[in-house]
Amino acid sequence: MVEVDISGEALKTNVLLHAIRPDQPDGIPNPCARLLMNIDTQLVEDEQRYRSLFENNPDFVLFQNQTGVILDANQAFLELVRRPKEAVLARPFSDFLPPDKAPLFNEKLAEAFQGHKVEFEVDVQLKGAESRVLNVTKVPLRVDGQVTGVHMVAKDITVEAASRSIIAQQARRLNTIFESITDAFFLLDRRWTFSFINSEVERLLGMSREQLLGKTAWLVFMGESLGEFHRQFQVAMTTGNAVHFQAFFKPRQLWLEVRVFPSEEGLSVYFTDVTDKVKAHEELYRQNQDLQQFAYIVSHNLRAPLANMLGLVDLLIDQPREQRQAPEYEQLLHHLLLNTRQLDTVLHDMNTILTVRDKQGVSEPEQVPLAEVVQQVVESLQDPLDQCKGEVYYEIPVGLCVRGTRAYLYSVFFNLLSNAIKYRSEERPLRITIVAQPSQPGPGTQVEVTDNGSGFDTQKAGADIFKLYKRFHTQPEGRGLGLYLVKTHVEAMGGRITVTSTVNVGTQFVVHLS
Amino acid sequence: MHTVLIDDDMTSIFLMRLLLQREEFADSITSFQSAQEALGYLQQAPVPELPKVILLDLNMPVMNGWEFLEALQPVAPHVLDHTRIYILTSSLAQTDLTRAAQNPLVTRLIHKPLDKSEIELIKSETTE
C-alpha cells in the first residue's frame with residue numbers, strides 16, 4: 001500500500017486510483033448475499049485510507065473545482081497558510097496567491113480540466129506563508145469520463161532548488177573563469193575524452209565544442225607530426241606529474257606552449273599560441289649567425305689586407321734611403337697599393353650587404369616581367385659571353401611576371417650568369433639554359449639556371465656555398481660575395497634558392513619566387 | 001734551412017719571402033698558393049728534402065689550414081718528425097688560438113704580419 005514518505009509521483013498515481021477506481025482486493029468471501037455488505041465495508045475502508053493519505057500527506061494537497069475554489073485542503077496546507085480549515089474552504093485558491101502568480105495557476109488549472117496531468121515549478125509566497133519553491137502537480141479527477149475536480153499536490157522543494165541554484169551558479173562561475181583566462185583550456189577524463197573546452201581552444205584548434213566534447217583527444221592530436229603531444233600527455237597521465245612542453249601543432253601551423261596537470265579525474269591542459277615568440281627567437285638566432293659572419297669578415301677579410309699593409313710598411317721603413325732604387329722597392333709599393341684597394345673593396349662589400357639587409361632605398365615589391373630582366377642581364381654580359389663563345393638559351397613564357405624587386409632580380413641573374421662565365425669549363429663551349437615554369441607543388445614560379453661548367457663538389461661545399469667570402473675554386477679569382485648576395489636578394493623577396501652541382505659536368509641553381 | 005710557405009694570398013707570400021731572405025732565415029723557400037698542392041708535394045718529397053719549417057695560412061679556399069693538417073697526418077706521418085708547423089694567420093679569433101694550442105701538430109699560432117722578432121723565435125726553436 002502507499003506510504004507517506006514515498007515520492008510525489010507514486011503518491012499522485014495512487015490517489016488517482018483510489019478516487020476513481022477503488023481496488024477489489026483478492027480473497028474476499030464470494031457468496032452473493034454478503035457481496036453488497038462487503039463492498040460497503042470495503043468502500044468505507046478505502047475512504048478512510050484515502051482520507052488518511054490526503055490529510056497526513058507532508059505535501060500540500062488541495063482539491064479544486066473548475067473555478068479554482070478550494071473544496072478540500074490537507075493539514076499541511078493549512079499549516080502553511082496558517083489558517084483553520086473554515087477560512088480556506090469555499091475560497092478561490094487565487095485568494096492565497098500574490099497577484100502576479102494567479103494567472104499561472106489559473107492557466108494550469110484550466111489545462112488540468114482539459115483532462116491532462118500538469119506539472120510545473122514555481123517560486124511563490126502564499127498569503128500568510130513564507131516564500132517557497134514548489135513543485136506543483138495538478139491531476140484531474142474523472143467521474144464517468146467527466147473531469148469533476150482537480151487535485152493539486154504541491155511539494156516543497158525550496159532547499160533542493162537552493163542547492164541546485166548554487167551548483168548552477170558555481171558551474172557558471174567556473175565557466176566564467178575558464179572563459180576569462182587568456183589560455184586555451186580543456187579537460188580530459190581518464191578515458192582521454194574531452195569533458196570541458198573553453199572558447200580559446202575552439203579558436204586555436206579551429207574546431208567547435210560540438211566537434212570535440214565527448215570525443216577522444218587523439219581525434220585532434222593524431223598523426224606522426226603530433227607525436228610530441230601524445231607522448232607528453234601519456235607521461236602526465238601515467239606518472240601523475242605535471243608536464244610543460246612546447247611543440248608545433250602542424251594542422252594549424254602554430255607553435256603551442258602546453259602545461260598539463262594530472263588529477264584524479266584526468267588531465268587539465270592549458271596552452272597558448274607562442275608562434276610569434278618562436279618566430280622572433282628564430283629571427284634572433286639568424287641575426288646572431290649573421291653577426292658571427294660579420295665578426296668573421298672583420299677578422300679575416302678586413303684584417304688580411306691590413307696585416308699585409310703593416311708588413312709592407314715595416315719593410316719600406318727598413319729600406320735604407322740609398323736602396324730605394326732596388327727592384328723590390330717597386331714591388332713593395334705595388335703590393336701596398338693592391339692591398340689598400342682590397343681593403344676598400346671589402347668595405348664596399350659590407351656597405352652593399354648592409355644596404356640589402358636594411359632594405360633601405362628599395363622600392364616596394366611589384367610584378368616584374370621575368371623575361372625582360374633576364375634579357376637585360378644577358379645583354380650586359382654579352383662581351384664576356386662573346387669572348388668565351390658562350391651561349392644563353394632561355395625558355396620563359398611571354399608575359400610571365402614574378403613578385404619582387406627589379407633591382408634584386410637583376411642582381412640575382414647577373415650574379416648567377418657571371419658565375420657561370422667565371423667558372424666555365426675550358427673543355428667545352430659554355431652553354432647556359434634558363435627555364436621558368438610554375439612551381440611544383442605551387443604556388444609561385446621556379447626558375448632553373450643550368451650551366452655545363454666546371455661544377456663543384458656539392459657534398460663538400462654543403463651549406464657553405466651561399467656563405468659570405470666562401471670560395472670553392474682556387475682559380476680564377478672570386479671574392480665569395482656573389483652567391484651570398486644572390487641568396488640574400490632571393491630571400492628578401494620571400495623566395496628561396498637551391499643548388500646541385502657535379503664536378504666537370506655543371507651546376508644547376510633553382511630559384512623559387514612567389 | 002728549407003722552408004715551405006702555404007698561403008693563397010700572393011702579397012702574403014711575397015712579404016714572407018722578402019722577410020725570411022733579409023733575416024737570412026732560409027736557404028730555400030718553396031711556396032704554394034693552394035694547400036692541396038702543398039700536400040701533394042710533401043707526400044712525395046724524399047726525406048732529406050723535407051722542410052724544417054712550414055708556415056701555414058688558415059683561411060684558404062677549397063682546403064683550409066685545418067683541413068690540411070687533418071689530411072697531412074695519415075698520408076705523410078713522417079713529415080711531422082722532421083718539420084715544425086707554424087700557423088700564420090690574419091685571424092684574431094680566440095677560437096683559432098685555442099684550436100691551435102690543442103692541436104699537437106702545431107707548434108704555435110702567429111698573427112700576421114710576420115716580423116723580425118717572430119723569425120728570431122722560430123730560428124731558436126728549430127735549432128734547439
Side-chain angles (χ1 to χ4, degrees), chain A residues 292-293 295-320 323 326-343 346 423 454 456-457 460-461 464-465 467 469-480 503, chain B residues 5-24 31-40 55 57-68 70-71 87-100 109-119:
Chain A
Q292 281 177 4
Q293 279 249 310
Y296 180 87
I297 297 166
V298 170
S299 72
H300 281 278
N301 300 79
L302 284 178
R303 175 86 178 113
L306 201 60
N308 282 338
M309 286 158 71
L310 288 170
L312 292 163
V313 171
D314 264 357
L315 286 171
L316 278 171
I317 291 167
D318 269 9
Q319 200 84 358
Q323 274 184 32
E328 72 236 37
Y329 189 72
E330 279 303 309
Q331 273 181 297
L332 282 169
L333 282 179
H334 168 74
H335 279 287
L336 189 56
L337 182 67
L338 200 74
N339 281 274
T340 312
R341 280 186 183 151
Q342 225 171 315
L343 196 57
V346 173
Y423 302 113
S454 53
F456 61 90
D457 185 347
K460 190 165 184 296
D464 284 346
I465 185 77
K467 278 198 184 151
Y469 291 132
K470 285 281 180 187
R471 293 189 295 127
F472 299 93
H473 297 86
T474 41
Q475 301 289 333
E477 195 62 42
R479 294 219 306 287
V503 176
Chain B
L5 308 177
I6 309 169
D7 198 323
D8 65 318
D9 180 20
M10 54 186 260
T11 300
S12 196
I13 297 243
F14 166 77
L15 261 176
M16 285 190 282
R17 265 184 186 281
L18 204 58
L19 207 67
L20 293 174
Q21 280 163 4
R22 276 199 186 180
E23 299 304 315
E24 293 170 337
S31 61
F32 299 94
Q33 274 188 266
S34 125
Q36 277 170 317
E37 279 175 42
L39 193 66
L55 298 178
D57 182 30
L58 284 183
N59 186 31
M60 293 179 283
V62 185
M63 180 185 270
N64 68 27
W66 298 118
E67 288 165 340
F68 168 82
E70 236 171 84
I87 287 173
L88 191 60
T89 176
S90 60
S91 160
L92 299 177
Q94 183 59 41
T95 49
D96 285 335
L97 268 174
T98 315
R99 211 168 155 187
L109 181 145
I110 300 165
H111 287 134
K112 285 183 187 177
L114 192 63
D115 60 20
K116 275 188 248 176
S117 59
E118 282 292 354
I119 292 176

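In this text, all values refer to a predicted model and were calculated from it rather than measured experimentally. Letters A, B, ... mirror the listed sequences (proteins, then strands); counts begin at 1.
Atom OG1 in B:Thr11 sits 7.0 Å away from atom NE2 in A:His334 (nearest 0.5 Å). For the atom pair CG (A:Leu306) and OG (B:Ser90), the distance works out to 9.5 Å, reported to the nearest 0.5 Å. From B:Met10, atom CE reaches atom CG of A:Leu338 across 6.0 Å, with rounding to the nearest 0.5 Å.
Residue contact with chain B, scored on non-hydrogen atoms closer than 4.5 Å, involves the backbone and the side chain of A:Leu332 alike. Neither the backbone nor the side chain of B:Gln21 comes within contact range of chain A; no heavy atom of the residue lies under 4.5 Å from a heavy atom of that chain. Using a 4.5 Å cut-off between heavy atoms, A:Leu310 contacts chain B through both its backbone and its side chain. With a threshold of 4.5 angstrom between heavy atoms, A:Asn308 approaches chain B through its backbone and through its side chain. In this structure, no portion of B:Met60 lies under 4.5 Å from any heavy atom of chain A.
Contact check for A:Leu312 versus B:Phe14: side-chain heavy atoms found under the 4.5 Å cut-off. At a threshold of 4.5 Å between non-hydrogen side-chain atoms, the residues A:Gln331 and B:Leu18 do not count as touching.
Of all heavy-atom pairs between A:Ala307 and B:Pro113, the closest is O-CB, 3.3 Å.
The side-chain hydrogen bond (donor to acceptor under 3.5 Å, both in side chains) test applied to B:Arg17 returns B:Ser31, not counting sequence neighbours. A:Asp314 pairs by the side-chain hydrogen bond (donor to acceptor under 3.5 Å, both in side chains) definition with nothing, not counting sequence neighbours.
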